[in-house]
Amino acid sequence: MRLSFQAIENWQHYASDLSKISSNLEPSQWQEWQQAAQLYSCTFNQRVVAYCVVSGNKQQLMVQRFQVRDITQRRGIGLFMFQQLLQLAAQKDLSQVTFPHSNDPCVLGFYQHLGLNNQFTFQL
């Protein structure tokens, strides 16, 4: 089975998987992101293995959250989701994808792997 990337239209259908990725979020937060069309997921074998929350303005797609389930990290899922976000930004005629700032060494290493070089913004 292949990885897929799509907007989540019914977060409750994936509530169990999402809670394994981010257990500290309230249902109202998932609902808010879904209603605003900001919640996207990567699925593998019909299970959510990663999700992101995005918003946009005239120039950029802003990634507010980018989470990969801990047991599926380091398997290319984050890179796949990053590539899908670049495509999403291009479809919306946006010129940048901006990621959240972080001081976490693991996150910074992932950003460096993506070629962000601690700038947090990727130019299309």
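Residues: numbered from 1 along the sequence shown. The structure displayed is predicted, hence computed values, not measured ones.
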Item to check | Which atom of A89 lies closest to which atom of L124, heavy atoms considered | outcome: CB-CD1, 3.6 Å
Next on the checklist: If the condition is salt bridge (Lys or Arg N to Asp or Glu O under 4.0 Å), which residues does R65 pass it with, not counting sequence neighbours?
Outcome noted: none
Checklist entry - For Q123, does the CD atom sit with more than 12 other heavy atoms under 6.0 Å from it, leaving out its own atoms? => result yes
Next on the checklist: Do F66 and L86 sit in one hydrophobic cluster, given that two such residues count as connected whenever their side-chain heavy atoms are within less than 4.5 Å of each other, even indirectly?
Outcome noted: yes
Checklist entry - How would you list, by chain and number, every residue that makes a side-chain contact (heavy atoms from CB on, under 4.5 Å) with Q35, sequence neighbours excluded? => result Q31
Checklist entry - Is there a chain of hydrophobic side chains (I, L, V, M, F, W, Y, each step under 4.5 Å between heavy atoms) that links M81 to V48? => result no
Next on the checklist: I'd like to check the side-chain hydrogen bond (donor to acceptor under 3.5 Å, both in side chains) partners of Q64; sequence neighbours left out, ordered by chain and number.
Outcome noted: S55
Checklist entry - Does the separation of the ring centres of W33 and Y40 fall below 6.0 angstrom? => result no
Checklist entry - Is a side-chain donor-acceptor pair under 3.5 Å present for Q60 with T121? => result no
Item to check | Set of ring-ring contact (aromatic ring centres under 6.0 Å, His included) partners for F82, sequence neighbours left out | outcome: F99, F122
Checklist entry - Among pairs that include at least one residue of residues 97-107, which meet salt bridge (Lys or Arg N to Asp or Glu O under 4.0 Å), considering only residues two or more places apart or in two chains? => result none
Next on the checklist: Would you say that more than 12 heavy atoms from the other residues, nucleotides or ligands in this model lie under 6.0 Å from the CD of Q83, or not?
Outcome noted: yes
Item to check | Side chain Q34, main chain W11, donor-acceptor under 3.5 Å | outcome: yes
Next on the checklist: According to a hydrophobic-cluster definition based on side-chain heavy atoms being under 4.5 Å apart (Ile, Leu, Val, Met, Phe, Trp, Tyr only), do L114 and V68 belong together?
Outcome noted: yes
Checklist entry - Which residue pairs satisfy the salt bridge (Lys or Arg N to Asp or Glu O under 4.0 Å) criterion with at least one member in residues 38-60, sequence neighbours excluded? => result D17-R47
Item to check | In one Ile/Leu/Val/Met/Phe/Trp/Tyr side-chain cluster, 4.5 Å: V97, L79 | outcome: yes
Next on the checklist: Does anything in residues 70-81 form a side-chain hydrogen bond (donor to acceptor under 3.5 Å, both in side chains)? List the pairs, not counting sequence neighbours.
Outcome noted: none
Checklist entry - Which salt bridge (Lys or Arg N to Asp or Glu O under 4.0 Å) pairs, counting each pair once, include a residue from residues 18-36, with sequence neighbours left out? => result none
Next on the checklist: Under 4.5 Å side-chain heavy-atom separation, chaining through any Ile, Leu, Val, Met, Phe, Trp or Tyr, what else clusters with M62? Say none if it is isolated.
Outcome noted: none
Item to check | Nearest-0.5 Å distance, OG of residue S23 to CG of residue L18 | outcome: 11.5 Å
Next on the checklist: If you define the side chain from C-beta out and look only at heavy atoms, does anything of I71 sit under 4.5 Å from V49?
Outcome noted: no
Item to check | Test side-chain contact (heavy atoms from CB on, under 4.5 Å) applied to Q84 - qualifying residues, sequence neighbours left out | outcome: F5, F80, Q87
Checklist entry - Got T98 and L61 here, is their nearest side-chain heavy-atom distance under 4.5 Å? => result no
Checklist entry - Going through the distances and angles, do S41 and Q6 end up as a side-chain contact (heavy atoms from CB on, under 4.5 Å)? => result CA-CA 6 Å; S41 70; Q6 66 276 331; 3.1 Å; yes
Next on the checklist: With clusters defined by side-chain heavy atoms of hydrophobic residues (ILVMFWY) lying less than 4.5 Å apart, directly or transitively, does V53 cluster with L88?
Outcome noted: no
Next on the checklist: Can you list everything that forms a side-chain contact (heavy atoms from CB on, under 4.5 Å) with N24? Sequence neighbours excluded, please.
Outcome noted: S22
Next on the checklist: I'd like to check V54 versus L85 (side-chain heavy atoms, cut-off strictly below 4.5 Å). Are they in contact?
Outcome noted: yes
Item to check | Approximate separation, where rounding is to 0.5 Å, of L39 CG and Y14 OH | outcome: 10.5 Å
Checklist entry - CD/Q67 to SG/C42 distance, rounded to the nearest 0.5 angstrom? => result 12.5 Å
Next on the checklist: Run the side-chain contact (heavy atoms from CB on, under 4.5 Å) test against P100 and tell me which residues pass, sequence neighbours left out.
Outcome noted: V63, Y111
